[in-house]
Protein chains: 2
Amino acid sequence: MGCWQRGLTESGMSIVWGAMSSEKQSTESAWLLAAERDVQERLGDSEFDFASLDAISNLYRAAAAIRRRAEGEVLAPYSLSFGAFTILWVLWIWDDMETAQLAQECNLAKGTLTGMLNTLEKRGLVERNRMEADMRRMMVCLTSEGRSTITEVFPKFNSFEGEMSNGLTLAEKAQLADLLRRVTKNAQ
Amino acid sequence: MGCWQRGLTESGMSIVWGAMSSEKQSTESAWLLAAERDVQERLGDSEFDFASLDAISNLYRAAAAIRRRAEGEVLAPYSLSFGAFTILWVLWIWDDMETAQLAQECNLAKGTLTGMLNTLEKRGLVERNRMEADMRRMMVCLTSEGRSTITEVFPKFNSFEGEMSNGLTLAEKAQLADLLRRVTKNAQ
DNA sequence: CAAAACTAGTTCGGTACCGAACGAATATGG
DNA sequence: CCATATTCGTTCGGTACCGAACTAGTTTTG
């Protein structure tokens, strides 16, 4: 169980087996074809773009699964949501950042960020300071406690990332990142 | 801007350019290297798994971007959230399904599903019926209005999926789906 | 330099979403 | 059979998250 995307569709994967690098495709594809047949039957096996359907729906499915596991296993002990972790991470790398840019980097609406920064500020992990040059702007940075938190969490998160991409070769990981980058670009 | 993942990191992509199929890598990589250098500098350029970091963080970023655009552009006219759309889609393909399985197929906690089914039921798009054989169980199916809704929405959604994977070859889409499937499997 | 346009951040209303606790229906096993 | 365990779905409390409206600084311009 649990290999469906958007419920069930594994259609399309048979098209290009030759291009695939993993050797266990054939074992998986056997029962996946059942689902594929259902979809084709329902959708009338023409006129739709199954390759894109496959790619995109798997994308969302993978992201949801990873997020849930990351929150449950890696982040929960620190009471961090995925979004909160991301905020700390970005600030860790960049030292400080304005709210607007931070929201964009973290893939959050700025209204959402406000709330999450409130939470993180209350917990003493980040600090907000208005900029003297422009009092509208707000500079956000980690407190030393925030820094020590992310310093402790990130290695665990990174090894979790390793687990999640277990079984992919270095080249495949890079290829995945590349393909996703191109998709992201289309989405922006 | 906006090609960062988890804020900024495009590190790792230089490792395997040779394996990549797109020819515009080099134009992108130029400025991406700046970010990569920042990350490396901060993280100390050893001990961490940058390939996995890259793959996984791009994954989340792409999914979030796609979801937001799908909801904003394709689904909003029908007042459907991404999750609601998924529910309709699954029921469309499978005709009917029990709550528990539906939750799993849609990647939702069952408590979440209850609420969303309430909404969809109120709107007359789905229908719930207890199973006679086992009164705990609930069978969910589309109403005819639900069916006509998803019949109208799906083609638009599918062509949106096509846009999102624009620029990928058929083989690349299949490869993307395959890699994601393997990641999802790790996450389950 | 005052009014208008713009910009950064917050507030607000609402949905989505989770996990844990719950209640009802069914299966189990002594 | 009845007590217990299990298995459904729902309820509940809480956070995350969005988009739109709002507030308060800043820039523009007549």
Side-chain angles (χ1 to χ4, degrees), chain A residues 60-61 63-88 96-123 125-140, chain B residues 60-61 63-73 75-88 97-104 106-123 126-140:
Chain A
Y60 185 67
R61 180 167 201 79
I66 283 182
R67 183 196 172 111
R68 211 178 3 254
R69 279 210 40 184
E71 288 187 338
E73 293 172 24
V74 185
L75 271 18
Y78 300 90
S79 304
L80 291 174
S81 67
F82 200 89
F85 167 77
T86 306
I87 293 170
L88 297 184
D96 54 11
M97 193 172 279
E98 292 180 45
T99 303
Q101 192 188 352
L102 185 56
Q104 193 187 342
E105 300 296 336
C106 295
N107 245 324
L108 294 172
K110 48 188 193 157
T112 303
L113 184 61
T114 297
M116 296 180 69
L117 286 179
N118 287 340
T119 305
L120 290 172
E121 203 175 26
K122 253 172 234 151
R123 290 178 53 188
L125 300 177
V126 307
E127 207 179 283
R128 271 189 278 208
N129 298 296
R130 293 209 171 275
M131 294 175 70
E132 313 227 331
D134 185 340
M135 293 300 279
R136 290 169 303 183
R137 297 185 174 178
M138 200 68 109
M139 210 64 176
V140 189
Chain B
Y60 186 67
R61 181 166 201 82
I66 284 182
R67 183 195 174 114
R68 211 180 2 256
R69 279 210 39 184
E71 288 188 337
E73 292 172 25
L75 272 17
Y78 301 89
S79 304
L80 292 174
S81 67
F82 201 90
F85 166 78
T86 306
I87 292 170
L88 297 184
M97 192 173 277
E98 294 180 43
T99 304
Q101 192 188 352
L102 185 56
Q104 193 186 343
C106 296
N107 244 324
L108 294 172
K110 49 189 191 156
T112 304
L113 184 60
T114 297
M116 296 179 70
L117 286 179
N118 287 342
T119 305
L120 290 172
E121 202 174 28
K122 253 173 236 152
R123 290 179 53 188
V126 307
E127 208 178 280
R128 271 188 279 208
N129 298 296
R130 293 208 170 277
M131 295 174 69
E132 313 225 333
D134 184 340
M135 293 298 280
R136 290 170 301 183
R137 297 186 176 179
M138 201 67 110
M139 210 63 176
V140 189

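Here is how names work: the chains are called A, B, and so on, in the same order as the sequence lines, proteins then strands, and each is numbered from 1.
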Base, sugar-phosphate, or nothing: which does [X] touch, judged by heavy atoms less than 4.0 Å apart?
X: B/Gly111; answer: base
X: A/Arg130; answer: nothing
X: B/Arg128; answer: sugar-phosphate

Donor-acceptor pair, B/Arg61 side chain versus A/Glu105 backbone, under 3.5 Å?
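Answer holds: yes.
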Return the polar atom pairs (N/O with N/O) between nucleotides 21-27 of chain C and the protein under 3.5 Å, or none.
{"residue": "C/dT26", "atom": "OP1", "partner": "B/Met135", "partner atom": "N", "Å": "3.0"}

Without decimals, in angstroms, what is the distance between A/Leu117 CG and C/dT10 P?
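Going from CG in A/Leu117 over to P in C/dT10 covers 7 Å.
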Protein-nucleotide distance (A/Met139, atom CE; C/dG9, atom C1'), rounded to Å:
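Interatomic distance, CE of A/Met139 to C1' of C/dG9: 15 Å.
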With sequence neighbours left out, what residues match B/Arg123 under side-chain hydrogen bond (donor to acceptor under 3.5 Å, both in side chains)?
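Here no residue qualifies.
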Go through the structure and list residues passing side-chain contact (heavy atoms from CB on, under 4.5 Å) with [X], not counting sequence neighbours.
X: A/Glu98; result: A/Met131, A/Arg137, A/Met139
X: B/Met135; result: B/Arg130
X: A/Ala103; result: A/Lys110, A/Leu113

Want to settle it: does A/Glu71 or A/Asn118 sit nearer the 5' end of DNA chain C, counting the closest nucleotide to each?
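Closer to the 5' end of DNA chain C: A/Asn118.
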I want to confirm an ordering. Mapping B/Leu113 and B/Arg68 to their closest nucleotides on DNA chain D, which one lands closer to the 5' end?
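Looking at the nearest nucleotide for each, B/Leu113 comes out on the 5' side.
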Here's a test for you: under side-chain contact (heavy atoms from CB on, under 4.5 Å), which of A/Val74, A/Leu80, A/Leu75 qualifies with A/Tyr78?
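Result: among A/Val74, A/Leu80, A/Leu75, A/Leu80 is the only option passing the side-chain contact (heavy atoms from CB on, under 4.5 Å) with A/Tyr78.
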Of A/Arg69, A/Arg68, A/Arg67, the residue whose pairing with A/Glu71 passes salt bridge (charged side-chain N to carboxylate O under 4.0 Å, His left out):
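Considering A/Arg69, A/Arg68, A/Arg67, a salt bridge (charged side-chain N to carboxylate O under 4.0 Å, His left out) with A/Glu71 is found only for A/Arg67.
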Between A/Met97 and A/Leu102, does a side chain to side chain contact (heavy atoms under 4.5 Å, CB included) hold up when you go through it step by step?
CA-CA 6 Å; A/Met97 193 172 279; A/Leu102 185 56; 3.9 Å; yes
Near-ring test A/Tyr60/B/Phe82, centroid separation under 6.0 angstrom:
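Distance test on ring centres: under 6.0 Å, yes.
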Please find the earliest and latest nucleotides of DNA chain D, in the 5' to 3' direction, that have an atom within less than 4.0 Å of any heavy atom of chain A.
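Boundary nucleotides touching chain A, in 5' to 3' order, are D/dA16 to D/dT26.
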Has A/Thr114 got a side-chain N or O lying under 4.0 Å from the OP1 or OP2 atom of C/dG9?
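It does not, given that no N or O in the side chain of A/Thr114 lies less than 4.0 Å from OP1 or OP2 of C/dG9.
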